[in-house]
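The structure appears right after this line, and notes come after that.
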Amino acid sequence: MRYLRIILISIKTPPPFMGLHHEQLGMLYRDHRVWLHGWLSGRVGNRDVADDLTQDTFARLLLGRDLAALREPRAFLTTVARGLAANWFRRQALERAYLEYLAQFPEPVLPSLEEQALVREALQQIDTMLDGLPAMARRVFLLAQFDGLRYEAIGEQLGLSLSTVKRHMKRALLGCLAHAG
């Protein structure tokens, strides 16, 4: 599906069902894709990842931003791509941490490759969910869920009242539910 969108964007004359937004996006893609790919390649150090991030950047623009009003398209594309690259780097760090954790176990007790893939996918989903939370709600959630701290201890550590800790935890849990639903 993603590649179909990009193929449609790269068509010189858009089909009649594509509106002005898609036409502008097609022009933006044709004019700046190669430059953006080069910029991302330098940032992530991998041409294949840069390919994916370039496509993801333009796919994000399908969501309806007024492209005609862009005065500095490269600055805008850089901002979108920088956020996607940051997410990619964070996912890579998360995966490395998981692999380092697994490396401490002898091979007979390691989870199967399928189980490892499921855990990596779950970790990425948790990371995505946490990324959407305000910083303090994310911190309270991590301290409670991963460090096992009680709300009172979290309040002491962060200098927050118990009611504030509960409010942040509620916000985090609602974020989890919204992300899951």
Under the rule for salt bridge (Lys or Arg N to Asp or Glu O under 4.0 Å), what residues qualify as partners of R82, not counting sequence neighbours? none
Could you work out, with salt bridge (Lys or Arg N to Asp or Glu O under 4.0 Å) as the rule, every residue matching D31, not counting sequence neighbours? none
Pair T78-W35, side chain to side chain contact (heavy atoms under 4.5 Å, CB included): steps then yes or no: CA-CA 10 Å; T78 301; W35 169 82; 3.1 Å; yes
E107, CD atom: more than 12 neighbouring heavy atoms under 6.0 Å: no
Same cluster or not: are [X] and [Y] linked, directly or through other Ile, Leu, Val, Met, Phe, Trp or Tyr residues, by side-chain heavy atoms under 4.5 angstrom apart?
| X | Y | answer |
| --- | --- | --- |
| M129 | L174 | no |
| L99 | V109 | yes |
| F146 | L149 | yes |
| L123 | L118 | no |

From [atom1] ([X]) to [atom2] ([Y]), nearest 0.5 Å:
| X | Y | atom1 | atom2 | value |
| --- | --- | --- | --- | --- |
| D48 | L53 | CG | CG | 11.0 Å |
| R33 | T57 | CZ | OG1 | 12.0 Å |
| R138 | D131 | CZ | CG | 6.5 Å |
| T128 | R91 | OG1 | CZ | 7.0 Å |
| L36 | F58 | CG | CZ | 5.5 Å |
| D56 | D51 | CG | CG | 10.5 Å |

Tell me which pairs pass salt bridge (Lys or Arg N to Asp or Glu O under 4.0 Å) where either residue lies in residues 152-165, with sequence neighbours left out. R150-E152
Show your working on side chain to side chain contact (heavy atoms under 4.5 Å, CB included) between Q125 and E121 and close with a plain yes or no. CA-CA 6 Å; Q125 288 175 349; E121 184 179 330; 3.6 Å; yes
With a 4.5 Å limit on heavy-atom distance, are the side chains of [X] and [Y] in contact?
| X | Y | result |
| --- | --- | --- |
| L77 | L28 | yes |
| V119 | E115 | no |
| I126 | L94 | no |
| I154 | H168 | no |
| H37 | L40 | no |
| V140 | T164 | no |
| L158 | V165 | no |

With sequence neighbours left out, what residues match R171 under side chain to side chain contact (heavy atoms under 4.5 Å, CB included)? P134, A137
Set of residues satisfying side chain to side chain contact (heavy atoms under 4.5 Å, CB included) with respect to L173, sequence neighbours excluded: F141, M169
Restricting to non-hydrogen atoms, name the atom on [X] and the atom on [Y] that form the minimum distance, rounded to 0.1 Å.
| X | Y | value |
| --- | --- | --- |
| P111 | Q116 | O-NE2, 2.9 Å |
| A85 | V44 | CB-CG1, 4.4 Å |
| K166 | Y151 | CG-CD1, 3.7 Å |

CA sep, side-chain torsions, deciding dist, call: L61, Y29, side chain to side chain contact (heavy atoms under 4.5 Å, CB included): CA-CA 10 Å; L61 301 182; Y29 184 83; over 6 Å; no
Could you tell me which residues satisfy ring pair (Phe, Tyr, Trp, His ring centres under 6.0 Å) with F105, sequence neighbours excluded, listed by chain and number? Y101
